[in-house]
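Below you'll find the structure, written out as structure tokens, and then a few comments.
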Amino acid sequence: MISLHNGEFLEIDIRNLMIPSERVAHVQIGNNLEHALLVLTKSGYTAIPVLDQHYKLHGLISTPIIMDSILGLERIEFEMLEKRRVEEVMNRSVQRVKVTASIKTCLKLLVNHPFLCVDTEDGFFEGILPRSLVLSQLNKALNKNNKM
Ligand code: AMP
């Protein structure tokens with residue numbers, strides 16, 4: 001049976017695990033789709049946050065969303081990349097948690113999301129919590145327990 005007797009994993013503060021905002025690849029409200037596609041391609045991430053100038057989170061932009069938005073009836077309208085802005089097409093439904101959220105709550109949400117956006121109590125973007133980081137921590141805790 002898998003068990004975490006000492007509760008070490010469950011006591012993790014997500015602030016110590018998350019990627020802080022300054023290391024998160026993102027775009028800003030007002031950026032065009034060409035810029036967003038450039039950041040997505042260069043960073044290699046599938047989806048990245050869209051922030052405003054005050055570091056408030058407004059949505060997520062991804063390569064599939066961008067490609068879908070420039071798909072015409074007979075051709076891909078590449079010229080639209082320069083004309084459209086990220087806020088016109090971004091996904092506004094973002095899975096977000098407060099910095100005070102428990103690791104257990106985050107783990108549950110991460111079953112259906114590759115990463116969570118983390119907000120301060122006053123709603124400013126603090127960083128992201130990728131599924132891979134949480135799973136790696138859980139894996140470490142399980143291996144540690146099994147050696148005991
Ligand atoms: P990972 O678990 O590292 O594969 O990350 C899962 C997803 O989280 C990636 O596909 C990105 O959408 C997002 N992500 C992870 N790290 C970053 C980062 N430094 N900046 C922006 N997005 C990230």
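Only a predicted model underlies this, so the values are computations on that prediction, with no experimental measurement involved. Numbering of ligands and ligand atoms starts at 1, following listing order. Position 1 is the first residue of the sequence, and the numbers go up from there. When reading the values below, keep in mind they use all heavy atoms of this one structure, side chains included, and skip hydrogens, waters and symmetry mates.
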| task | Just need the protein heavy atom nearest to atom 12 (O) of ligand 1, so name the residue and atom and give the distance. | result | A47 O, 2.6 Å

| query | side chain to side chain donor-acceptor pair (under 3.5 Å): which pairs involve residues 116-138, sequence neighbours left out? | reply | R96-D119, T100-E121

| message | How close do L40 and S62 get, counting heavy atoms only, and between which atoms? | response | CD1-C, 3.6 Å

| query | In the protein, what heavy atom is nearest to atom 20 (N) of ligand 1, and what distance, to one decimal place, separates them? | reply | A25 N, 2.8 Å

| said: Could you check whether Y55 and H26 have their ring centres less than 6.0 Å apart? | reply: yes

| field | Nearest-contact summary for atom 9 (C) of ligand 1 - protein heavy atom, Å | value | Y45 CD2, 3.6 Å

| field | Part of H26 within contact of ligand 1 (heavy atoms, under 4.0 Å) | value | neither

| message | Nearest 0.5 angstrom please: I12 CD1 to L138 CG, how far? | response | 8.5 Å

| task | Taking all non-hydrogen atoms of both residues into account, name the closest pair between C106 and V97 and its distance. | result | SG-CG2, 4.2 Å

| field | Of I66, L60, I29, the residue whose pairing with M90 passes side-chain contact (heavy atoms from CB on, under 4.5 Å) | value | I29

| query | For atom 10 (O) of ligand 1, what is the nearest protein heavy atom, given as residue, atom name and distance? | reply | T46 OG1, 3.4 Å

| task | Answer with side chain, backbone, both or neither: which part of V24 has a heavy atom less than 4.0 angstrom from an atom of ligand 1? | result | both

| About how many Å separate CZ of R85 and CG of N31, when rounded to the nearest 0.5 Å? | 8.5 Å

| said: So if I count the atoms of ligand 1 from 1 in the order they appear, which ones are less than 4.0 Å from some heavy atom of I19? | reply: 16 (N)

| field | salt bridge (charged side-chain N to carboxylate O under 4.0 Å, His left out) between R92 and E87, intermediate numbers included | value | CA-CA 9 Å; R92 289 173 192 273; E87 61 271 30; over 6 Å; no

| said: Students should be able to answer this: which protein heavy-atom is nearest to atom 6 (C) of ligand 1, and at what distance? | reply: P114 O, 3.8 Å

| field | atom 5 (O) of ligand 1: the protein heavy-atom neighbour that sits closest, reported with distance to 0.1 Å | value | P130 CB, 3.9 Å

| remark: If we number the atoms of ligand 1 from 1 as shown, the ones under 4.0 Å from a heavy atom of R23 are 19 (N)

| Of all the atoms in ligand 1, which lie at a distance below 4.0 Å from a heavy atom belonging to F115? | 7 (C), 8 (O), 12 (O), 13 (C)

| request: For S132, counting its heavy atoms only, list the atoms of ligand 1 lying under 4.0 Å from any of them. | output: 1 (P), 2 (O), 3 (O)

| If you measure from each non-hydrogen atom of I128 to ligand 1, which part falls under 4.0 Å: side chain, backbone, both or neither? | side chain

| said: Check for me, please, whether V118 and I19 land in the same ILVMFWY cluster - side-chain distances under 4.5 Å, paths through other members count. | reply: no

